[in-house]
Amino acid sequence: MKRYDVIIIGAGIAGLYASMNLPKSMKVLVVCKDIPWECNTFYAQGGIVTALDELDIPLHIKDTLSAGSYHNIKNSVEILSKESLDIRQDLLNRGMEFDRGESGELLYTKEAAHSTSRILHAGGDATGRYMHYFMMMQNRHLLQRNTLVYDLLIQKGRCYGVRAMVNYRPTTLYANHIIIASGGIGSLYEYNTNSRTVSADIHGICVEKGISLSDMEFMQFHPTVFVKTPFARKLLLTEALRGEGAHIVDDEGRRFLFDYDPRGELASRDIVSRAIFDYKRKTNKEVYLDFCMFEEKWFNRRFPNITKTFESLGYHLPKDRVPISPAFHYANGGIACDIYGRIPGIEGLYVAGEAARTGVHGANRLASNSLLEAVVFAKRVVDYILGSSMQYDNIPKFEKDYDTQLHKEHDKEIKEALRETMWKDVGIIRTKKGLLEAKNFIYDAKNRDIGRLLELRLNTATAIVNSALAREEPLGSHYIEDEES
Ligand code: SIN
């Protein structure tokens, strides 16, 4: 029997930081569905927020609450900001190399809705990739790839382990503590910036087990994404570009965002995304990210990966402007938990990172708070586990197994149709009619002969649609308009 002290589902920043903080003496297993770098952390560009110092904490809290339309849980936001100083020190002590200036000082950048420059970055525009590599190197525990979790073993308010396809074979893994760090829900949307592995499976299992998902109506759309590629993951153009001074313009070069908000390009992400969507819809014009104000050498050094990626697509930055569209980027809501990542009512089960709803983000996440939230709250889960003596002796019998039925014949086409429906009806601007149509689509799909993984996706989609229907007034990234408007 395979039994561990801790199983961590997911090898992005939350899973790896949790693992790094668990002592070598513990038997820990980190699992990931595919290769470890197929995760959202790897694709994060902009950076990681930390309060600059004690004096900046109240301001960081204020910016986070204001971006979140004050729907945040204030205590969680305070924890996030206060603990960011120790986290930054811990990362630096362990040897994480953030970008520095000529005199060795840490460089901080700015992104939308931040009142000051407080975002650390690495490799210019490759913060996630650098942090992920760093954490992979720091991790001392077993990391097992090709492990697709399709069930949580829960009985009478206790989680005992997981069922997973390990290299395509059904396997049962037991542990005293199971940490969900499986990321968000990106694959539910036609246009998204997420890794292809982020497909809402664990959220769907939670729905099935009666575990609450919260704030699921608050899905975040990133304003500046290049969507004209055939690949599922669309290409992000980091908000740090606008933080450094890039403009959003229409065909004639007009900075139309000021028609919507006096902060223009630096309004919060929900406002900018909605403005672009609305402007395109009303005018039929193309919208671009324009970099012509930047000096070439500086730009190529500050944004080396974006420069190279777009070079291969025929764009020469910063000379050329790039057509953009908003795309799904981040789930502000998720699996409900407390400030130690504990999932209410289920002993031994925790959640951290994008999968979690800690209450930090409220109705709309402040840019680059996500990597910070992942490390702060992953550490809190670990601190709780290390202080607890919880374990079990007898493992109950678990009957049901879905093993070979993970996929069925028509799943692919239904999945595609779901992605289109979510984008069209549960996207940036929603109507009650559209949400009800999405609900009907999901209901019909669930009644077809489908595989387990699609069923889990549909469970999560149902949670998003139901939350969106329940909130009749717009708030933050949930924008619902009257049918007539
Ligand atoms: C970006 O680089 O624009 C994304 C940062 C984030 O998602 O917070």
Side-chain angles (χ1 to χ4, degrees), residues 12-14 39-50 60 63-64 67-68 72 77 80 84 98-99 107-114 117-132 183-186 189 191-195 198 218-227 233-246 248 265-273 276 289 291 302-307 309-310 322 324-334 353-355 360-376 476-477:
I13 189 169
C39 62
N40 277 352
T41 301
F42 187 82
Y43 295 110
Q45 296 178 352
I48 176 168
V49 172
T50 67
H60 175 220
D63 291 347
T64 301
N72 327 54
V77 179
L80 176 86
S84 72
F98 290 108
D99 293 338
L107 293 177
Y108 292 91
T109 192
K110 193 170 177 185
E111 291 180 13
H114 282 275
S117 299
R118 58 163 80 89
I119 298 163
L120 288 167
H121 45 91
D125 53 4
T127 312
R129 191 183 313 173
Y130 276 58
M131 289 191 80
H132 191 258
I185 62 102
Y189 281 91
Y191 297 107
N192 75 77
T193 62
N194 288 196
S195 160
V198 177
F218 301 116
M219 294 294 127
Q220 183 167 73
F221 298 87
H222 196 290
T224 55
V225 182
F226 181 74
V227 297
R233 184 178 64 80
K234 304 304 176 194
L235 297 177
L236 184 69
L237 286 146
T238 175
E239 205 149 288
L241 288 156
R242 278 175 287 136
E244 299 283 0
I248 291 176
E265 284 86 356
L266 295 182
S268 60
R269 202 172 271 184
D270 55 333
I271 294 172
V272 178
S273 291
I276 295 172
L289 196 56
F291 321 98
R302 175 69 181 84
F303 298 106
N305 297 290
I306 290 176
T307 302
T309 304
F310 281 87
V322 172
I324 51 163
S325 158
F328 172 85
H329 184 58
Y330 186 87
N332 295 312
E354 188 176 347
V360 156
H361 307 307
N364 176 55
R365 176 171 62 84
L366 182 68
S368 286
N369 260 351
S370 48
L371 294 180
L372 177 63
E373 185 209 24
V375 285
V376 165
S477 57

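When a ligand or atom number is given, it counts from 1 through the structure's own listing order.
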*Applying ring pair (Phe, Tyr, Trp, His ring centres under 6.0 Å), run through Phe291 and Phe303 and close with a yes or a no.*
CA-CA 11 Å; Phe291 321 98; Phe303 298 106; 8.3 Å; no
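Summary of contacts: the protein heavy atom closest to atom 1 (C) of ligand 1 is Thr238 OG1, 3.3 Å. Closest to atom 5 (C) of ligand 1 among all protein heavy atoms lies Arg269 NH2, 3.5 Å. With hydrogens left out, the protein atom closest to atom 7 (O) of ligand 1 is His329 NE2, 2.7 Å, a heavy atom.
When the salt bridge (charged side-chain N to carboxylate O under 4.0 Å, His left out) test is applied to Arg302, the partners found at least two apart in sequence or on another chain are Glu244. With sequence neighbours left out, the salt bridge (charged side-chain N to carboxylate O under 4.0 Å, His left out) criterion links Arg269 to Glu239.
In this structure, Arg365 is part of the shell of residues with a heavy atom less than 4.0 angstrom from ligand 1. Using a 4.0 angstrom heavy-atom cutoff, Ser368 counts as in contact with ligand 1.
In this structure, Tyr189 and Phe328 have parallel ring planes: the angle between them is below the 30° cut-off, well short of the 60° mark. Ring pair His60/His114 is parallel by interplanar angle, where below 30° counts as parallel and above 60° as perpendicular.
Close approach of ligand 1 to Ala367 is summarised as follows: ligand atoms under 4.0 Å from at least one heavy atom of the residue are 8 (O). If you number the atoms of ligand 1 from 1 as listed, the ones under 4.0 Å from a heavy atom of Glu239 come out as 1 (C), 2 (O), 3 (O).
Of the inter-residue distances, the one linking Asn40 atom CG with Leu236 atom CG reads 10.5 Å to the nearest 0.5 angstrom.
Looking at ligand 1, you'll find an N or O of His222 within less than 3.5 Å of one of its N or O atoms. Among the atoms of Gly47, none of the N or O lies under 3.5 angstrom from an N or O of ligand 1.
Put simply, the side chain of Phe226 does not reach to within 4.5 Å of the side chain of Thr309, judged on heavy atoms.
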